[in-house]
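The structure displayed is predicted, hence computed values, not measured ones. Below, chains carry the letters A, B, ... as their sequence lines are ordered, and counting in each starts from 1.
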2 protein chains.
Amino acid sequence: MRRTKEDAAKTREEVLAAAAAVFYEHGVSGSSLEKIASRAGVTRGAIYWHFKDKAEVLTALHSEIRLPQETIVDGALEHGHDDPLGLIEEQSIGVVQLLADDEHQQRIFAIMILGCEFTEIRSDAAQRIITANAEMYEKLKKLIDMADRQGTLASCWTVDTAARAFQCSMNGLFGEWLRTNKSFSVVDVGERLVRSLIGSMRRQAA
Amino acid sequence: MRRTKEDAAKTREEVLAAAAAVFYEHGVSGSSLEKIASRAGVTRGAIYWHFKDKAEVLTALHSEIRLPQETIVDGALEHGHDDPLGLIEEQSIGVVQLLADDEHQQRIFAIMILGCEFTEIRSDAAQRIITANAEMYEKLKKLIDMADRQGTLASCWTVDTAARAFQCSMNGLFGEWLRTNKSFSVVDVGERLVRSLIGSMRRQAA
DNA sequence: ATGTTTACAATCATTCATGTATGTTTGTAT
DNA sequence: ATACAAACATACATGAATGATTGTAAACAT
């Protein structure tokens with residue numbers, strides 16, 4: 001039994017990996033530290049050495065990923081764009097592909113939206129998702145507003161409803177995909193969904 | 001203190017109302033029967049008299065509502081339709097309005113999708129939502145398939161992706177609406193979203 | 001070589017929710 | 001009036017999870 005720095009870091013990682021698995025299977029509140037410890041091949045003592053409590057384990061997991069909502073339309077907002085709707089379209093499809101390619105992110109994202117309870121007593125997980133969603137919504141609004149000023153927003157949409165509808169669709173896409181154990185291709189469905197929505201937001205050239 | 005039949009039924013209702021409130025605030029796993037009892041102005045004894053355990057309280061709550069997924073495109077599937085996509089469109093908008101008008105349904109629906117954990121160990125709540133979603137998906141597929149056979153499905157969609165995309169958007173709409181404490185108009189956003197999606201699925205007359 | 005700290009394991013005490021068992025009051029049938 | 005059952009309240013017993021404490025072997029610094 002050796003306990004070098006690298007060993008410690010390794011058990012820390014193993015604890016996190018075990019936590020991800022157990023949280024995914026039983027939900028956060030249904031997972032005891034004992035279960036996580038035994039899955040990781042250690043005792044609770046090891047967990048308590050590396051983390052303060054279960055919440056800190058969860059936080060450590062969360063910090064490992066970037067939410068799709070945080071990645072989407074990231075940057076490129078300050079200066080104007082000649083095609084804001086096109087930017088949303090491309091970036092969104094890119095984000096979907098990023099998520100589809102990263103199993104680790106999928107796991108933790110699934111834990112955040114399916115394995116936690118969204119209660120009024122906001123956990124940090126819920127808070128982060130809420131914040132990320134709010135910021136995503138603001139970004140979408142800015143871009144769609146640019147399109148509106150350029151006269152390229154279809155008349156059936158307002159800036160707010162368009163941003164909200166797009167946000168709902170994307171979140172619903174991710175949620176359904178993870179909830180159904182990835183039973184369909186997010187990329188396929190996502191791309192068509194995004195193109196259709198953005199297409200409907202584009203004012204048709206008369 | 002009287003204990004007539006009506007009194008018993010009343011306390012049962014009060015327990016359920018308290019349970020809905022507490023579940024909504026703290027999530028299901030974060031709510032003890034003691035909290036629910038004190039909120040209802042009774043002791044745990046009363047709860048155990050009317051219900052077997054917490055799960056049965058939750059089940060009783062769930063049985064009070066019909067899920068939007070269960071209501072949508074309900075019936076009217078056996079015989080053919082001249083405008084299947086139009087049927088989806090109208091029915092979906094109707095379902096959104098139904099949910100928007102029923103606060104009780106909103107509460108319980110919110111508990112089901114936000115206050116519970118979707119784990120592999122499927123709770124009956126998760127199971128019901130999963131089943132309802134699966135059935136909704138099948139219904140959508142049937143209707144969209146009819147449209148496809150009639151040649152009215154736009155070429156950029158397949159039957160499966162169209163059904164899945166529509167399902168994702170609707171679920172995302174409800175989820176976002178409840179998660180943001182109904183910070184926007186589901187009816188407004190929902191109607192535009194539905195019309196846009198169905199519009200994009202309609203093959204344009206050449 | 002030795003002391004000190006690291007990185008845990010093992011043990012223990014406490015809390016908390018649950019389930020059950022029992023007590024008590026009131027309605028109701030006879 | 002009496003007996004019984006309904007509708008709870010109260011008290012208790014249990015187990016699970018937590019957090020804290022202690023023990024300890026190995027690594028590392030001196």
Side-chain angles (χ1 to χ4, degrees), chain A residues 1-61 111 115-117 119 121 123-125, chain B residues 1-61 111 115-117 119 121 123-125:
Chain A
M1 189 196 291
R2 298 164 41 212
R3 277 96 174 245
T4 126
K5 295 266 185 202
E6 305 85 57
D7 278 338
K10 191 180 164 196
T11 68
R12 196 191 122 101
E13 293 312 307
E14 285 170 351
V15 166
L16 286 177
V22 176
F23 283 157
Y24 184 76
E25 284 177 17
H26 304 91
V28 173
S29 73
S31 302
S32 68
L33 292 182
E34 173 60 34
K35 269 187 201 164
I36 295 173
S38 72
R39 168 86 64 122
V42 296
T43 67
R44 274 171 46 245
I47 299 184
Y48 277 106
W49 172 258
H50 289 282
F51 308 96
K52 182 179 167 250
D53 51 16
K54 188 161 80 174
E56 208 175 277
V57 176
L58 190 59
T59 302
L61 271 185
I111 292 171
C116 294
E117 293 175 353
T119 73
I121 315 298
S123 68
D124 61 336
Chain B
M1 186 197 292
R2 298 163 41 213
R3 278 98 174 242
T4 133
K5 295 265 185 203
E6 305 85 57
D7 278 338
K10 190 181 166 195
T11 67
R12 196 191 122 102
E13 293 311 308
E14 285 170 350
V15 166
L16 285 176
V22 176
F23 284 155
Y24 185 77
E25 284 177 16
H26 303 92
V28 172
S29 72
S31 302
S32 67
L33 291 182
E34 172 60 33
K35 269 187 200 164
I36 295 173
S38 72
R39 168 86 65 120
V42 296
T43 66
R44 276 172 42 245
I47 299 185
Y48 277 105
W49 173 258
H50 288 283
F51 307 97
K52 181 180 168 248
D53 52 17
K54 188 161 81 172
E56 205 175 280
V57 176
L58 191 59
T59 302
L61 271 185
I111 292 171
C116 294
E117 292 176 353
T119 74
I121 315 296
S123 68
D124 62 336

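- By the side-chain hydrogen bond (donor to acceptor under 3.5 Å, both in side chains) test, Thr59(A) pairs with Asp124(A), sequence neighbours left out.
- Non-hydrogen atoms lying under 4.0 Å from DNA chain C are contributed by Val42(A), Thr43(A), Gly45(A), Ala46(A), Trp49(A), all within residues 37-49 of chain A.
- Straight-line distance from the NE2 atom of His26(B) to the C1' atom of dC16(C): 15 Å, rounded to whole Å.
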Distance-only donor-acceptor hits, side chain of residues 27-35 of chain A, under 3.5 Å, sequence neighbours excluded:
{"unit_1": "Ser29(A)", "atom_1": "OG", "unit_2": "Ser29(B)", "atom_2": "OG", "d": "3.0"}
{"unit_1": "Ser29(A)", "atom_1": "OG", "unit_2": "Glu117(B)", "atom_2": "OE1", "d": "3.2"}
{"unit_1": "Ser29(A)", "atom_1": "OG", "unit_2": "Glu117(B)", "atom_2": "OE2", "d": "3.0"}
{"unit_1": "Ser31(A)", "atom_1": "OG", "unit_2": "Val22(A)", "atom_2": "O", "d": "3.3"}
{"unit_1": "Ser31(A)", "atom_1": "OG", "unit_2": "Gly27(A)", "atom_2": "O", "d": "2.6"}
{"unit_1": "Ser32(A)", "atom_1": "OG", "unit_2": "Lys35(A)", "atom_2": "N", "d": "3.2"}
{"unit_1": "Lys35(A)", "atom_1": "NZ", "unit_2": "Gly30(A)", "atom_2": "O", "d": "3.3"}

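- Between Lys35(B) and Lys5(B), the residue anchored closer to the 5' end of DNA chain C is Lys35(B), taking for each the nucleotide with the nearest heavy atom.
- Annotation: the span from Phe23(A) atom CZ to Ile111(A) atom CD1 amounts to 7.0 Å, rounded to 0.5 Å.
- Distance Leu33(B) CG to dG19(C) P: 7 Å, rounded to the nearest Å.
- For the salt bridge (Lys or Arg N to Asp or Glu O under 4.0 Å) test, residues two or more places apart in sequence or in another chain that qualify with Arg39(A) are Glu25(A).
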Residues 43-51 of chain A side chain polar contacts: donor-acceptor under 3.5 Å, at least two apart:
{"unit_1": "Thr43(A)", "atom_1": "OG1", "unit_2": "Gly45(A)", "atom_2": "N", "d": "3.3"}
{"unit_1": "His50(A)", "atom_1": "NE2", "unit_2": "Thr11(A)", "atom_2": "OG1", "d": "3.4"}

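- For Lys54(B), no side-chain nitrogen or oxygen approaches OP1 or OP2 of dA17(C) to under 4.0 Å.
- Remark: P of dA7(D) and CZ of Phe51(B) are 13 Å apart, rounded to the nearest angstrom.
- Remark: P of dT18(D) and CG of Leu58(A) are 13 Å apart, rounded to the nearest angstrom.
- Here the side chain of Asp53(A) pairs a donor or acceptor atom with the backbone of Glu56(A) at under 3.5 angstrom.
- Comparing dC8(C), dT18(C), dT18(D) by their closest approach to the side chain of His50(A) singles out dC8(C).
- Taking atom CG on Asp7(A) and atom P on dA25(D), their separation rounds to 18 Å, with Å as the unit.
- Going from atom CD of Glu6(A) over to atom C1' of dA7(C) covers 13 Å, rounded to whole Å.
- Side chain of Ala8(B), nearest nucleotide from dA7(D), dT18(D), dG19(C): dA7(D).
- Rounded to an integer number of Å, the gap from CD of Glu14(A) to C1' of dC8(C) is 13 Å.
- At whole-Å resolution of the value, CD1 in Ile36(B) and P in dA17(C) are 11 Å apart.
- Identified under the side-chain hydrogen bond (donor to acceptor under 3.5 Å, both in side chains) test for residues 12-23 of chain A, with sequence neighbours left out: none.
- OP1 or OP2 of dC8(C) lies within a sub-4.0 Å distance of a side-chain N or O belonging to Thr11(A).
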